[in-house]
Structures are given as structure tokens and as C-alpha cells.
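Quick caveat, the model's predicted, so the values are computed rather than measured. When a residue number appears, it is its place in the shown sequence, counting from 1.
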Amino acid sequence: MERRNQFRVVICDLVLRLPLAKPNGPGAMQSQPSTFCKIFFKSRSCKVVHVPTFFSNGQEPAALLNKPAAVFDLSDAEMSLLSKSKKPEHLIFELHSRSSDGPVCGFSTDRVLGTVKLPLDFSQVRHNHETQFHGGWMDLDKKAKKENRLGVSYPQLQVSVHVEPDTRISLKFTGSPKGNVEIYCMEDPIRRPIFRSTFTWGPGPEANLVQPDKPAKGLNSWMLQQLCLGEKKVELRSGWSVTIRNTSGSPVAVASMLVPYVPKMQPLAWLIEQLGEDGWVPWGRLAAWHAAPDTGIHIRFEKVTCAQEVEWLVNPNQGGTLSIDYQSSRRGGFVFSASVGSEGSRWSLPTVEVSAKHIKCVEDAAPFLALAGAINLSVDACQRFI
């Protein structure tokens, strides 16, 4: 499969150190007023992150370090231009404090503490390994030093910045997962299909439709009212499955709906399986539900081999992109992303990105495609009950 090379500028370890210790001793954590940082890089959207504030006589808050704060993505073409530029680009950190009392008389109580400009020399970046730009403490600008009345030293910002290669594989469904559609690699100019997604629902054709005069066995009266509108046949949202097949037609991954969604009673539950050497192997679990007063749909995913859970809140009317991204490669880095939206919207043809680190052979992409299909079908199954 064709791969797309890109890079990530990763900002970690953001901590603000103020020079005067609080009365309860040096090294004490201070949460009021809260401090946040606006991070600017080129024409990218500003990143706003919370910054822990540390009052210290020089003691380093090691417990706060190694925490990713923000990421900026760069394409291979952008990196090529930056590496040839004679002028370094700058990361700009603008520190703000906010009073715990909130706005006063309708006006914001935010106050700029100072800024830090960090030059980045992209000429040293290599395509095959991580490049460290900075790691350590930096003084805030002259304005912060002039206004500082806390002690003999000045406010400092701890920051670590590095660039890491981030190769991805981009795949796209040619139609809604609620059908039999082909999947191709977006980097392939010919767009040859490399997978096919097939959709099935219910134990048989008779169970796929529910009629008011012929209710399905076991369907309680409450569900019948939800599913049967007038005399129209309404699709029963249970027993769904998405099967990903290779070019020879053999199934290599499947997402199966184990539990249908019942509002206020039980979340929708999926099991995603991958074909292994000895048969089908559980790969991941997905759950979806709506919880009032939220207008969106909660989706939770857990990979079988990883204890970490990921949860998203999806607005089905707006669509968007859901991702599993641990930001820094030291913590796992980017893993997966998929566009999601309601059926018939511009997001209804899912686009999937998978980190090349997780793809050793073509079939390794299949469970991620099944996951994308299950996510989109979960939105469709739950949104009718919002």
C-alpha cells in the first residue's frame, strides 16, 4: 500500500515556574489563578492548553514532565520547504493567567504574563528518526521581567519540543458502510480497490423488517413503538455486521453488533475481530449511547491488547473526525482516525488514516476499517433516538 509521509511538531512538558514559594513550603503546587498558554506556529490554528503553575525556589517539578501538550502536523512538502529556508521558524508561547473568580462585570479577567519565542531550525530534521529542538527552562520576555515583583528571579517556562516522522496510510470507502462498497488507498493514483466492505443485518431477511401487524418475536412493546411508525416498514437496528474482505473475497476482519441500542437501558455494543492464523481473534470493543442532556452520541473504544480506553462525543448533524492519538511517539503517537457523520451527509463516506507503524502487511489495516464502519453505523443507529 502507498504511504504518505508527514511530520509532527510535538510540544511536551509545559510548566510555568514562578519565583516565590507559597507559605506552605517550597515546591507546592499552585492552581489559583489558573494559567493557560496559547501556542502559535506559522499559519496554523492556535493551540490553547492548560499550564501547571509551580511556585519554587528552584526545585524542578519532575512529576509534571513527560506530558504531551500540543501537536502541529506538517506535510512532507511543507517540511521540505522549511528545511531549505534560511530563516528559522518560531514557536510562540503566550502565557495567560485567569482569575478563579471568573469574569468581572462581564469583562474577562485574563492577564498576559509574557511570551516565549523558540526558533526551530528544520534543516537538521531527518526523515527516519526523531529530532530534538529544545528541552529545558526559558525566561519569559522583558515585559514579564519588568512586571515581576515576586522575588529575585524571573518567571520561567519549561518546554520540550521535538519533530518526529509520522507515516500514514489513507483509505477511503466508496460508499456508506451500510452497503457493499469498495475501499481504496488515497495515495494510489489509479485508486485500485484493496478491500471490500459488506454489510449484513439480522439473522435472516424476515427479521430485517418489523411491521406493526406482525411484530418480531421477543420485541417488547416499548421497542415496537420506537421502531414502528405508522404502517411503514422500519429497519430493526440489531444484528448488524461489517465484514472487510481482501481482493480475493476472503473475510479478514469483521465488526459484529452484539447488543442493540436501547435508550436509557443499554448501550450499543460491538465486537471487532481479526482473522488470525488459528481463526478469528478479538481485536477491539466498541460501545455507543446517548446520554441526556448531551445532543451528541458517546462512543467508547477499547483495543483488546491495550488497557487504555478512548471516548468521543459525536454530533451527528455536524460530522467530523475521530482519532486515537497519544500525541508523542514516546506515548504511542498517532494510531488511527476516521471521518464520521450521519447517513447522507458529506461525512458519510468514511476516510480512514492508520499509522504505518501498525501496518506490517495489507491485512493489518482491515480491523481499523471495520472499526470505522462500526463507528459510523453506531451514529446512524443511535441518532434516531436523540
Side-chain angles (χ1 to χ4, degrees), residues 5-18 29-31 34-54 56 60-76 78-79 81-83 85 87-98 110 112-127 129-141 144 154-168 308 310 321 323-335 337 353 355 357:
N5 295 321
Q6 63 180 57
F7 297 85
R8 290 152 65 83
V9 180
V10 182
I11 298 101
C12 303
D13 308 340
L14 278 180
V15 180
L16 179 63
R17 179 166 64 188
L18 296 178
M29 288 302 301
Q30 170 71 11
S31 58
S34 63
T35 307
F36 64 95
C37 181
K38 295 182 179 180
I39 306 175
F40 302 89
F41 178 64
K42 291 174 64 65
S43 58
R44 297 292 196 278
S45 298
C46 169
K47 308 279 188 180
V48 181
V49 297
H50 169 71
V51 179
T53 304
F54 189 82
S56 173
E60 185 170 317
L64 297 176
L65 303 184
N66 276 330
K67 293 187 177 180
V71 170
F72 292 95
D73 292 320
L74 292 173
S75 68
D76 196 30
E78 288 176 309
M79 179 58 70
L81 290 174
L82 288 170
S83 62
S85 176
K87 295 182 179 179
E89 289 290 340
H90 288 82
L91 269 175
I92 301 176
F93 302 87
E94 188 175 272
L95 277 298
H96 295 248
S97 67
R98 177 177 294 161
D110 292 358
V112 178
L113 297 177
T115 60
V116 172
K117 292 182 68 176
L118 178 64
L120 306 180
D121 181 10
F122 286 93
S123 63
Q124 60 180 305
V125 174
R126 298 295 178 263
H127 283 66
H129 60 80
E130 179 183 302
T131 303
Q132 186 74 25
F133 278 135
H134 178 80
W137 296 96
M138 299 181 67
D139 291 334
L140 270 65
D141 57 13
Y154 300 111
Q156 291 182 312
L157 180 70
Q158 159 75 34
V159 61
S160 175
V161 180
H162 67 269
V163 172
E164 60 190 31
D166 181 30
T167 305
R168 302 182 185 182
Q308 290 179 306
V310 181
T321 300
S323 64
I324 302 174
D325 191 342
Y326 302 110
Q327 297 194 327
S328 172
S329 61
R330 304 166 190 174
R331 300 169 64 91
F334 172 83
V335 177
S337 70
E353 283 195 336
S355 172
K357 293 182 294 185

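- A heavy-atom distance below 4.5 Å is not found between the side chains of Leu91 and Phe133.
- Rounding to the nearest 0.5 angstrom, the gap separating the NE2 atom in His162 from the CD1 atom in Ile11 is 9.5 Å.
- Nearest heavy-atom pair across Pro52 and Leu14 is CD-O, 3.4 Å.
- Shown here for Asp13 and Ser160, the closest heavy-atom pair between the two residues is OD2-CB, 3.2 Å.
- Checked by atom type and distance alone, the side chain of His96 never pairs as donor or acceptor with a backbone atom of Thr35 at under 3.5 Å.
- Here CZ of Arg17 is found 10.5 Å from CG of Leu157. Values are rounded to the nearest 0.5 Å.
- Put simply, the side chain of Asp166 does not reach to within 4.5 Å of the side chain of Phe7, judged on heavy atoms.
- Checked by atom type, the side-chain pair Asp139/Gln156 shows a donor-acceptor distance below 3.5 Å.
- Side-chain atoms of Lys42 and Leu82, non-hydrogen and from C-beta on, do get closer than 4.5 Å to each other.
- Between the side chain of Arg44 and the backbone N or O of Asp73, at least one donor-acceptor pair lies under 3.5 Å.
- Asp325 has its side chain within reach of Arg8: a pair of non-hydrogen atoms, C-beta onward, lies under 4.5 Å apart.
- Annotation: side chain of Val51 is not in contact with side chain of Phe93 (no heavy-atom distance under 4.5 Å).
- Aromatic ring orientation, Phe72 versus Phe41: tilted (interplanar angle from 30° to 60°).
- Here Ser355 contributes atom OG and Ile324 contributes atom CD1; the two are 11.5 Å apart, rounded to the nearest 0.5 Å.
- Residues Pro119 and Lys117 approach most closely at CD-O, 3.6 Å, considering heavy atoms.
- The shortest side-chain heavy-atom distance between Leu113 and Ser97 falls under the 4.5 Å cut-off.
- Closest non-hydrogen pair, His134 versus Met138, comes out as NE2-CG, 3.4 Å.
- Distance OG1/Thr131 to CG/Leu120: 11.5 Å, rounded to 0.5 Å.
- Residues Pro165 and His129 share a closest heavy-atom pair of CD-O, 3.6 Å.
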Might you work through the side chain to side chain contact (heavy atoms under 4.5 Å, CB included) test for Val71 and Phe334, ending with a clear yes or no?
CA-CA 10 Å; Val71 170; Phe334 172 83; over 6 Å; no
